[in-house]
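Along the sequence shown, the residues carry numbers beginning at 1.
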Amino acid sequence: VVVNFYLTRFTTAREIQHVEQRMEAEARILQSEAGAIPVPQFEDWAREASRRAGARVTIVDPQGVVLADSLHDPQTLENHGGRPEIQAAHREGVGRSVRYSTTINRDYCYVALRMNHHGEDGYILRLATPLDEVDSSLAAVRARIWWAEMWAALVALVITGLFSRSY
């Protein structure tokens, strides 16, 4: 049980870290493009960028207003200024968060980068991806641990049985 607990937490943390690193690299590539896109073209660009990156793409202005989102009409989305990854990106340049998306109704990993748009700082480019990869990796690890536990219990029972007969 202790090994199961430790390895599942370790595996989850490593998988999420891998997803965050991949998304940050993709966001850095897209960041230079996004800075030059005129605001009226943000939505089309976000959908195209999403296809290339394999992630949901959102662009947020300095006040937290969603200007474009690859999955939703930005007019229907609430202000994103309070989202943890957006706040961290404003403070540190890069923000990361793993949380439940109320818009999509599933767990997502978010990476946000502060960007400059036509000379104005404070815009945010955010990528998001569901944690399906992490969940499937975790399920595989748990299955292997479960089988190892069962084999260890069986071996322990056989050894216990052999020792108990010798006394």
Side-chain angles (χ1 to χ4, degrees), residues 1-34 46-47 49-60 62 64 66 68-72 74 76-115 122-164:
V1 172
V2 171
V3 170
N4 190 337
F5 178 76
Y6 171 76
L7 285 179
T8 55
R9 289 181 57 100
F10 175 79
T11 301
T12 300
R14 294 272 300 170
E15 289 293 319
I16 289 172
Q17 183 182 33
H18 175 72
V19 169
E20 287 174 343
Q21 288 171 344
R22 178 183 56 83
M23 284 198 319
E24 184 177 342
E26 291 168 358
R28 289 202 183 280
I29 293 167
L30 295 174
Q31 181 182 33
S32 61
E33 287 179 31
R47 283 190 287 278
S50 173
R51 186 189 60 73
R52 288 184 284 144
R56 177 182 175 193
V57 173
T58 307
I59 299 174
V60 179
V66 177
D69 188 276
S70 60
L71 293 181
H72 291 282
T76 65
L77 297 174
E78 62 191 34
N79 189 294
H80 279 35
R83 306 286 166 91
E85 68 278 2
I86 303 290
Q87 291 178 341
H90 278 299
R91 282 190 316 272
E92 301 159 20
V94 179
R96 296 174 184 83
S97 178
V98 174
R99 59 184 172 74
Y100 186 77
S101 169
T102 56
T103 306
I104 308 295
N105 295 322
R106 51 199 303 205
D107 287 330
Y108 262 75
C109 178
Y110 297 91
V111 172
L113 295 179
R114 187 176 55 224
M115 66 177 218
Y123 285 79
I124 302 292
L125 171 65
R126 183 182 76 174
L127 270 62
T129 191
L131 291 179
D132 296 340
E133 289 177 29
V134 174
D135 292 341
S136 63
S137 294
L138 189 57
V141 167
R142 282 187 174 143
R144 288 180 186 214
I145 292 170
W146 185 83
W147 280 108
E149 288 172 342
M150 292 302 109
W151 279 107
L154 182 63
V155 168
L157 283 173
V158 169
I159 291 172
T160 302
L162 291 174
F163 277 116
S164 67

Side chains of [X] and [Y]: does their closest heavy-atom pair fall under 4.5 Å?
X	Y	answer
Arg126	Val60	no
Val94	Glu20	no
Arg28	Glu24	yes
Val19	Arg22	yes
Arg99	Pro84	yes

Looking at [X] and [Y], what are the two nearest heavy atoms and their distance?
X	Y	answer
Ala55	Met23	CB-SD, 4.4 Å
Leu30	Ala53	CD1-CB, 4.0 Å
Arg114	Ile124	CA-CD1, 3.7 Å
Thr129	Gly54	OG1-O, 4.2 Å
Val57	Ala49	CG2-C, 4.0 Å
Asn79	Gly81	OD1-N, 2.6 Å

### Task
Any chance you could measure Glu85, atom CD, to His90, atom NE2, to the nearest 0.5 Å?
10.5 Å
### Task
List for me each residue that meets side chain to side chain contact (heavy atoms under 4.5 Å, CB included) alongside Gln87, sequence neighbours excluded, and say none if there are none.
Arg91
### With Ala128 via side chain to side chain contact (heavy atoms under 4.5 Å, CB included) - residues at least two apart
Arg56, Tyr108, Tyr110
#### Entry: Neighbour count above 12 (heavy atom, 6.0 Å) for Arg52 CZ
yes
Please check if the side chain of [X] supplies one atom and the backbone of [Y] the other of a donor-acceptor pair under 3.5 Å.
X	Y	answer
His80	Glu78	yes
Arg96	Val111	no
Ser50	Ala46	no

